[in-house]
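This report refers to the structure that appears directly beneath it.
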Number of protein chains: 2
Amino acid sequence: MNDFLGVLGGMGPLATADFLKKLVENTPALVDQNHIPVLVYGDCSVPDRTAGILGKGPSPLPKLLQGIDFLNRARVKAICIPCNSAHCWYSEMSEASAVPLFNIVLASAEQVRKRDPRIRRVGVLSTVGTFQMGIYTRALIDLEFTVLAPTEDEFRTLVSPAIALIKASQLNEAEELFRVATAKLVARGAEIIILGCTEIPIGMRGQCQENPSLFVDSTDALALSVIEFFKSQQTSA
Amino acid sequence: MNDFLGVLGGMGPLATADFLKKLVENTPALVDQNHIPVLVYGDCSVPDRTAGILGKGPSPLPKLLQGIDFLNRARVKAICIPCNSAHCWYSEMSEASAVPLFNIVLASAEQVRKRDPRIRRVGVLSTVGTFQMGIYTRALIDLEFTVLAPTEDEFRTLVSPAIALIKASQLNEAEELFRVATAKLVARGAEIIILGCTEIPIGMRGQCQENPSLFVDSTDALALSVIEFFKSQQTSA
């Protein structure tokens, strides 16, 4: 299966389906056989990543490594993880994997640069766990961006409840909360906003359609980076 | 992995993503951990099923059995195949599998019965291959339904081109053709129409939203049958 993309999914399961859809939609293909074959390990019993980061629940790492091990044994070509919060354990997973792991944070930062090289002030909407671990903040500061994030109060009253609504499939209710969170970031000067949680784009379809240039969807960014890698492998083969 | 659903996917890849989305949306769950864990073997290099049936291309059976074997070795609980045409090889796959296989045709017929027990005249939109193999026709006649399908001419000018458009992600163009194909079936007396190809619902979103009671989406039917099975296993465990 060394031409398969390994997908460590299930975090959440809707985000995995959304990633697969975006992978297909962004692949230039006219027939099934031109698409990238995938092996998806979708273990939705992985403990909540945010709770794990905040010390309010068990660590998801053992289950994450189980998935990495399964995909390695199946001999996939490379592995992607359509879940931003899980990237808090990126180095542990990367060390445990013989095959390369895509990085959703770097893929998103890359898309910001491609969108408009003049952009300096980048907003990030993510889980509170991803924010506290600073994975976007560090990567973006390294690339000389100024980072804007929701305040503690905005996480508590807007972002966290909205993500919970998506997990319960209440997408319209989620979108209302995200509209307010977006407006706050823009008011503080964000020129572009990374949707740094694979669930968030699912609950922001309206806004993303109305104003596509304001957002970088991390799921799309991951899909584009996967497609580019598989294309380069084909060319070099 | 004996609590995982095995998914033999990639036929086509967009249909697999659509199935996973419908599986999640139809599962009563408030958190990730309540969903059904999945292992998706998405080999989109499986030869075209319709061409195989019509003798215009290699048989997809060896690749199908490779997937069934992989999922069996991984010890999934049961296997579903979100591709109607692949069900032309259902008995071969079923014989090769130690774990049970869901049947999308029977799942769809079950949904017709549940929708309205008075319905007698059922239209089926499918690939020409699925139609020629008669898998829906036989199952529906067994259940004492009258079956209506597109004519040879309608397959050639409407249904087959529309499915090719979906595979190339041209959904609006596909929907135009399906509108005509649907109208023809209704004019000939169809009371309900099974979308007997997992790609078709993707290219009929407009019509399905406008008139949901006219259609049974085979992807939804498969998802519902999977959810019911996993729920019954939980209860009996």
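Per chain, numbering begins at 1; letters A, B, ... match sequence-line order.
- In this pair, F4(B) and Y41(A) present their aromatic rings tilted. The plane angle is within the 30 to 60° band.
- In this structure, E228(B) places its CD atom where only 12 or fewer heavy-atom neighbours from other residues, nucleotides or ligands lie under 6.0 Å away.
- Top candidate by heavy-atom pairs under 4.5 Å with chain B, chosen from Q170(A), R73(A), E25(A), H35(A), is H35(A).
- If you run side-chain contact (heavy atoms from CB on, under 4.5 Å) between V40(A) and each of L39(B), V7(B), V40(B), only V40(B) comes through.
- Annotation: maximal heavy-atom pairing with chain A below 4.5 Å, among G42(B), S169(B), G10(B), occurs at G42(B).
- When all heavy atoms are compared, the tightest approach of D32(A) to C44(B) is O-CB, 3.3 Å.
- Distance check, rounded to the nearest 0.5 Å: CG of D43(B) to CG of D3(A) gives 7.5 Å.
- Proximity to chain B (any heavy atom under 4.5 Å) is restricted, for V46(A), to the backbone atoms N, CA, C and O.
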Please list every donor-acceptor pair under 3.5 Å in which a side-chain atom of residues 194-209 of chain A meets a protein atom from a residue at least two apart or in another chain.
unit_1	atom_1	unit_2	atom_2	d
T198(A)	OG1	P82(A)	O	2.9
E199(A)	OE2	G12(A)	N	2.8
E199(A)	OE2	K167(A)	NZ	2.9
Q207(A)	OE1	T182(A)	OG1	3.4

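- The local environment of CG in L54(A) is crowded, with over 12 non-hydrogen atoms from other residues, nucleotides or ligands closer than 6.0 Å.
- Heavy atoms of other residues, nucleotides or ligands lying less than 6.0 angstrom from CZ of R115(A) number more than 12.
- Residue contact with chain A, scored on non-hydrogen atoms closer than 4.5 Å, is absent for L5(B).
- Taking CG of L30(A) as the start and CG of L165(B) as the end, the distance is 10.5 Å to the nearest 0.5 Å.
- Between K21(A) and A17(B), the closest heavy-atom pair is N-CB, 3.6 Å.
- Of the atoms belonging to P28(B), not a single heavy atom falls under 4.5 Å from chain A.
- Heavy atoms of F70(A) lying under 4.5 Å from chain B belong exclusively to its side chain.
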